[in-house]
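Notes to accompany the following structure.
All of these numbers come straight from a predicted model, not from anything done at the bench.
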Amino acid sequence: MKILLVSHGKFAEGLCDTMKNFFDDDHFYFASVTQEYGSDGLKQAAEQYLSQWEGEQVVICSDMMGGSANQTVFPFLSRPNTFLVAGMNLPLLMQLHLEEGDITADSLREMIQEAQAEIVLVNDQDFSRMDEDDE
């Protein structure tokens, strides 16, 4: 499985770098919408990656639903065995890294639910029950 991160600016590049620092993983790649090249630069980079990954499962993760990065890669859903997830975060990418073998739409939905649960207002958390081992 290959994982292509797409975003505006350097967000995808930063997440890709973080994953490589955590896991020394070669499954993560990035492409971005920049002021210099716009969406066309992202499209060209994505096309180049996908042409190299013939026959492989690909999960494309974008920064936000409806944004130009997401819209640019949306047509690639016609490629067999390709998924597009909008609203990526680090917990989702970590789950994708830990997944062994091919994934399914159902397993992706479960990962998305778990990743969404990691977005919390920390002020609302009850830390009164924490002990020293939880720190």
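- Remark: Gln48 CD to Tyr29 OH distance equals 12.0 Å, nearest 0.5 Å.
- Side-chain contact between Leu4 and Val59 is absent, with no heavy atoms from C-beta onward closer than 4.5 Å.
- Between the CD atom of Glu110 and the CD1 atom of Ile103 there is a distance of 11.5 Å, given to the nearest 0.5 Å.
- How far NZ of Lys10 is from SG of Cys16: 13.5 Å, rounded to the nearest 0.5 Å.
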Acceptor/donor pairs from residues 72-93 side chains to any protein atom, 3.5 angstrom cut, sequence neighbours excluded:
from: Thr72; atom 1: OG1; to: Ser68; atom 2: O; distance (Å): 2.6
from: Ser78; atom 1: OG; to: Pro75; atom 2: O; distance (Å): 3.0
from: Arg79; atom 1: NH1; to: Glu56; atom 2: O; distance (Å): 3.1
from: Arg79; atom 1: NH1; to: Thr82; atom 2: OG1; distance (Å): 2.8
from: Arg79; atom 1: NH2; to: Trp53; atom 2: O; distance (Å): 2.6
from: Arg79; atom 1: NH2; to: Glu56; atom 2: O; distance (Å): 3.0
from: Asn81; atom 1: OD1; to: Gln57; atom 2: NE2; distance (Å): 3.2
from: Thr82; atom 1: OG1; to: Arg79; atom 2: O; distance (Å): 3.3
from: Thr82; atom 1: OG1; to: Pro80; atom 2: O; distance (Å): 3.2
from: Asn89; atom 1: OD1; to: Leu92; atom 2: N; distance (Å): 3.0
from: Asn89; atom 1: ND2; to: Ala115; atom 2: O; distance (Å): 3.2

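- Distance CG/Asp40 to CD/Glu47: 9.5 Å, rounded to 0.5 Å.
- Looking only at distances, a side-chain donor or acceptor of Asp63 sits under 3.5 Å from a matching main-chain atom of His8.
- Annotation: side chain of Leu5 is not in contact with side chain of Ile60 (no heavy-atom distance under 4.5 Å).
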Please step through side chain to side chain contact (heavy atoms under 4.5 Å, CB included) for the pair Leu42 and Thr34, ending with a clear verdict. CA-CA 8 Å; Leu42 183 150; Thr34 63; over 6 Å; no
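- You'll find the side chain of Phe22 stays beyond 4.5 Å of the side chain of His97, heavy atoms only.
- The shortest distance between side-chain heavy atoms of Met111 and Glu114 does not fall below 4.5 Å.
- With hydrogens and angles disregarded, a donor-acceptor distance shorter than 3.5 Å links the side chain of Asn21 to the backbone of Asp17.
- A salt bridge between Arg109 and Asp106 is present, with a side-chain N of the basic residue lying under 4.0 Å from a carboxylate O of the acidic one.
- The hydrophobic cluster analysis finds Leu121 isolated: no Ile, Leu, Val, Met, Phe, Trp or Tyr side chain comes under 4.5 Å of it, directly or through other members.
- Side-chain contact between Lys43 and Ser39 is absent, with no heavy-atom pair separated by less than 4.5 Å.
- At distances below 3.5 Å, not a single donor-acceptor pair connects side-chain atoms of Ser62 with backbone N or O atoms of Asn70.
- Side-chain contact between Tyr49 and Lys2: absent, with no pair of heavy atoms (C-beta onward) separated by less than 4.5 Å.
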